[in-house]
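Worksheet: one structure, shown below.
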There are 2 protein chains.
Amino acid sequence: MLARFTPRSRRETRATVLENLLRSGGAFRPTIARETNLTEASVSRILTELRNENLIQETRQSAPYPGGPTALVTLSNNVALAGIELSNSRLSFGIGDPSGALNYVERLPASPHLDQGEFERLFAESVRTMRDWSAHRGTVIRQAALSIPGYGRAAGNPIYPWDMDRLRNFLADTLDGVPVALTNSVIAQAAFHRYSNTTKYPVSGDHLFLFVGHGVAGVIVDESAPVDAFSAVEIGHMVIERDGLPCRCGHKGCVEAYTSLRAIAKIIGVADSAVLSRGDSFIETLVLDQGVHDTLRERLFTLGLGLGNALNLHPLSSVVISGWPSLMPEEDRKAITEGLNDSLLGGFDESRLALSFIAPSIGNDPRAALYYAAYCFVRGGGLDAKADPRAALEEIA
Amino acid sequence: MLARFTPRSRRETRATVLENLLRSGGAFRPTIARETNLTEASVSRILTELRNENLIQETRQSAPYPGGPTALVTLSNNVALAGIELSNSRLSFGIGDPSGALNYVERLPASPHLDQGEFERLFAESVRTMRDWSAHRGTVIRQAALSIPGYGRAAGNPIYPWDMDRLRNFLADTLDGVPVALTNSVIAQAAFHRYSNTTKYPVSGDHLFLFVGHGVAGVIVDESAPVDAFSAVEIGHMVIERDGLPCRCGHKGCVEAYTSLRAIAKIIGVADSAVLSRGDSFIETLVLDQGVHDTLRERLFTLGLGLGNALNLHPLSSVVISGWPSLMPEEDRKAITEGLNDSLLGGFDESRLALSFIAPSIGNDPRAALYYAAYCFVRGGGLDAKADPRAALEEIA
DNA sequence: CACACTAATTACACAGTGTAAATATGCAGG
DNA sequence: CCTGCATATTTACACTGTGTAATTAGTGTG
């Protein structure tokens with residue numbers, strides 16, 4: 001972040017500035033220049049351009065120090081974005097803006113066994129309603145994003161075994177004209193935590209965002225790139241115990257088989273959905289017998305073991321964990337570090353690895369997809385998707 | 001590889017062209033332009049520049065087709081490079097050129113328990129001799145590289161637990177003026193296989209180079225970048241069996257504990273070094289009883305299991321394996337795919353994952369380090385290391 | 001109200017590229 | 001040996017995007 005990256009395409013520079021604004025939620029020019037490694041001159045040029053396109057707003061603020069800056073730059077909330085989330089239990093649609101505000105929401109129940117045809121019917125109808133709503137208000141949706149659990153795996157999606165080309169074509173047709181990004185739910189989650197200002201994000205710099213829910217998935221957040229990059233990493237199906245518990249993927253001994261919400265729910269004896277919906281205190285509200293408690297710790301240990309293996313392959317110095325483990329008492333979470341200690345090369349060392357926990361977000365759908373849409377919009381420099389062929393190359397699986 | 005990357009720094013463009021030449025071992029201009037995504041005009045400008053600096057040579061060749069190109073461009077063998085390799089058994093020094101030719105070699109026995117002081121003594125003396133040799137001939141070493149097993153781990157090097165800052169300073173002092181790159185032996189191995197023209201490298205495109213020797217290490221070769229990037233990946237210490245065999249790292253059940261040369265040598269009942277030195281037919285020359293044979297297959301299965309886990313985390317569609325498994329009969333190597341089938345999400349599928357084997361190189365030291373030096377020289381655009389501050393950012397761990 | 005201090009804009013020079021026109025080169029056929 | 005074809009190679013020019021530094025603008029303090 002020290003050196004100056006001299007000539008880039010305008011799109012890239014715009015993306016850098018826009019992304020900085022998305023992340024900060026609003027900033028003064030000198031700060032932008034510092035964080036993006038651009039000169040104030042460049043920032044000025046870019047902002048002028050963006051202002052003319054109504055992508056940013058400047059609100060007067062009294063200067064924070066003598067001679068200080070006077071206008072706070074924020075992303076314009078005139079930019080309409082659509083977020084759509086498919087989860088195990090529902091399909092949600094929302095329209096909002098880069099600040100994360102949701103101005104329109106529709107949520108439909110959806111079966112976890114939704115087939116592609118049913119999905120298309122549900123989707124098409126809701127999109128019609130959604131677009132009517134936006135047409136009425138005269139807003140043009142600049143970017144849409146759809147998040148789907150398990151999306152993007154090379155081997156195909158084991159949860160929704162759909163034809164992805166058909167899906168992409170369907171989306172392009174249905175949302176005609178509106179650029180759509182398809183992504184994995186975990187990536188959307190990561191974007192949510194990273195860009196929503198409600199939660200203070202506990203780290204900066206490259207890190208792993210680990211989400212333990214129905215699946216166990218990681219997202220590597222690469223902040224050294226000019227624009228943040230999120231890439232999904234398959235952790236849940238790492239085989240950690242030969243001939244271990246059977247997993248829904250068909251293998252045995254996967255991390256997911258031990259630590260997924262489903263596995264945990266079974267141990268505690270409640271329904272999957274109940275675990276998270278009880279919020280912070282799901283554990284406290286249960287009268288746990290010692291056996292259950294020990295088993296949960298054991299599962300956290302397993303998670304740590306898998307995480308350590310993952311970190312051996314992807315050396316990163318900080319990890320943010322979200323999902324049910326974040327709801328566990330701190331004392332129990334230590335089992336994760338014990339597991340880490342047994343697999344991370346050199347053992348667990350607090351000074352080399354920062355672990356933090358962040359509460360999972362419940363009932364916020366489709367905010368995660370909305371933030372992901374904002375990220376995509378910003379990543380493209382706020383320009384039309386097709387304008388630069390390079391964009392295609394940067395697409396993240 | 002389709003889009004054109006517009007403005008880059010001159011250094012980067014030079015690096016791209018030079019690296020292309022290193023990889024191809026010589027090419028015609030139209031080919032270079034195509035492969036580097038540069039216009040012929042740019043290639044022409046860059047080559048003119050490089051020719052003036054004596055970094056490349058053009059040899060007349062009859063055109064391969066009417067009106068075809070007439071000059072084959074190669075890296076100049078006037079560029080002197082030094083490769084230095086530290087291995088379990090010896091320390092070798094060499095001077096050569098980008099074609100891989102070694103003009104000077106010195107090899108000294110070295111203990112696997114070499115301490116840092118002893119290393120420095122040995123090193124300093126040999127470097128003196130080496131530099132005398134080059135001074136006599138009036139050659140100036142443009143880039144040196146030193147490869148060390150286990151180098152670059154965040155947790156420190158378990159094999160040579162040295163002070164790395166001290167080592168870096170020592171090298172800078174001893175080789176004063178000559179830029180030195182320090183790297184892991186596996187990365188040097190990967191560079192060797194990739195750039196030496198003797199072996200036909202079996203893949204193109206991003207892939208994993210897996211080396212199974214004293215350790216089990218992977219190198220991700222990223223060819224989508226303008227200049228190839230090699231990054232080491234720790235596979236050997238993935239815990240694959242809870243409470244499994246003890247590993248030298250202190251943990252239990254690491255892949256290395258099952259599949260390293262040491263582990264295999266013990267099973268077969270020969271010395272570590274004997275396994276590889278017998279070359280291609282080390283297995284055939286042994287009268288294996290069924291038990292030994294089964295155990296070896298079992299170990300290959302374990303390797304496959306670990307590799308599958310690694311590929312879940314780093315999705316890549318081809319893997320090149322080198323080391324003792326490459327010497328095994330094809331029939332036995334299938335155990336690797338069986339292991340892969342049990343851990344790779346979606347199972348092993350020939351159409352999604354290409355596995356290839358490449359014989360380990362024996363007694364070639366310090367050629368691997370020499371190729372790595374060539375890579376570093378080329379990566380820097382053939383310019384002095386300090387000229388562009390950005391180079392520091394691109395340093396690979 | 002002037003001053004001190006920093007922000008924001010803008011003119012200019014520079015690096016690096018692609019396009020396209022101009023020039024060079026080799027081969028085949030007479 | 002010469003001609004013409006087919007492509008390679010070089011070069012002039014225009015364009016993009018940047019940093020530097022000079023200029024202009026804005027704010028709080030005494």
Side-chain angles (χ1 to χ4, degrees), chain A residues 2-18 21 26-52 56-73 226-227 381 383 387-390, chain B residues 2-18 26-52 56-73 226 381 383 387-390:
Chain A
L2 274 166
R4 209 138 250 185
F5 293 85
T6 328
R8 299 193 279 224
S9 75
R10 195 53 158 247
R11 172 179 223 117
E12 212 176 337
T13 311
R14 287 169 57 119
T16 308
V17 171
L18 288 169
L21 290 173
F28 295 107
R29 289 157 115 103
T31 317
I32 299 172
R34 207 175 325 118
E35 295 193 350
T36 55
N37 276 317
L38 293 164
T39 54
E40 307 232 351
S42 282
V43 171
S44 175
R45 279 186 292 252
I46 299 285
L47 289 182
T48 310
E49 206 175 283
L50 296 174
R51 198 194 309 114
N52 293 338
I56 56 159
Q57 287 172 324
E58 289 179 285
T59 45
R60 294 193 78 74
Q61 293 256 322
S62 59
Y65 48 88
T70 161
L72 183 73
V73 184
V227 173
L383 298 164
D388 182 347
R390 198 176 351 163
Chain B
L2 275 165
R4 208 138 250 186
F5 294 85
T6 327
R8 299 194 281 224
S9 75
R10 196 53 158 249
R11 172 180 223 117
E12 211 174 338
T13 312
R14 289 169 56 121
T16 309
V17 171
L18 288 170
F28 295 108
R29 289 158 114 104
T31 318
I32 300 173
R34 207 175 327 115
E35 295 193 350
T36 56
N37 277 317
L38 293 165
T39 52
E40 307 233 349
S42 282
V43 171
S44 174
R45 279 187 291 252
I46 298 286
L47 289 183
T48 310
E49 207 175 282
L50 296 174
R51 197 194 310 113
N52 292 339
I56 55 160
Q57 288 173 324
E58 289 179 286
T59 44
R60 293 193 80 74
Q61 293 255 324
S62 58
Y65 47 88
T70 160
L72 183 71
V73 184
L383 297 165
D388 184 346
R390 201 183 338 170

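In what follows, chains carry the letters A, B, and so on, assigned in the order in which the sequence lines appear, proteins first and then strands, with residues in each chain numbered from 1.
Side-chain N/O atoms of B:S9 include none lying less than 4.0 angstrom from OP1 or OP2 on C:dA15. Applying the 4.0 Å criterion to OP1 and OP2 of C:dG16, one finds that B:R11 has every side-chain N and O outside that range. In terms of phosphate contacts, A:T13 brings a side-chain nitrogen or oxygen within less than 4.0 Å of OP1 or OP2 of D:dT18.
Scanning for side chain to side chain donor-acceptor pair (under 3.5 Å) contacts around B:T70 gives an empty result, with sequence neighbours left out. Residues satisfying the side chain to side chain contact (heavy atoms under 4.5 Å, CB included) test with B:T13, not counting sequence neighbours, are B:R8, B:L38, B:I46. Annotation: side chain to side chain donor-acceptor pair (under 3.5 Å) contacts of B:Q61 (sequence neighbours excluded): none. Listed by chain and number, the residues in a side chain to side chain donor-acceptor pair (under 3.5 Å) with B:E40 amount to none (sequence neighbours excluded). Checked against side chain to side chain donor-acceptor pair (under 3.5 Å), B:E58 has the following partners two or more places apart in sequence or in another chain: B:R29, B:R51.
No hydrogens or angles considered: a donor-acceptor pair under 3.5 Å links the side chains of B:R45 and B:S42.
The CD1 atom of A:I32 sits 19 Å away from the P atom of C:dT6 (whole-angstrom rounding). Separating the CZ atom of B:R10 from the P atom of D:dG17 is a distance of 19 Å, rounded to the nearest angstrom. The distance from atom CD of A:E12 to atom P of D:dG17 is 11 Å, rounded to the nearest whole Å. Spacing between atom CD1 of A:I46 and atom P of C:dA8 amounts to 15 Å, rounded to whole angstrom units. Distance A:R60 CZ to C:dA7 P: 15 Å, rounded to the nearest Å. Nucleotide D:dT20 holds its P atom 12 Å from the CG atom of A:L38, rounded to whole Å.
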task = If a protein heavy atom is under 4.0 Å from the base, mark B; if only from the sugar-phosphate, S; if neither, -; do that for nucleotides 6-15 of chain D going 5' to 3'.
result = BBSBBBB---
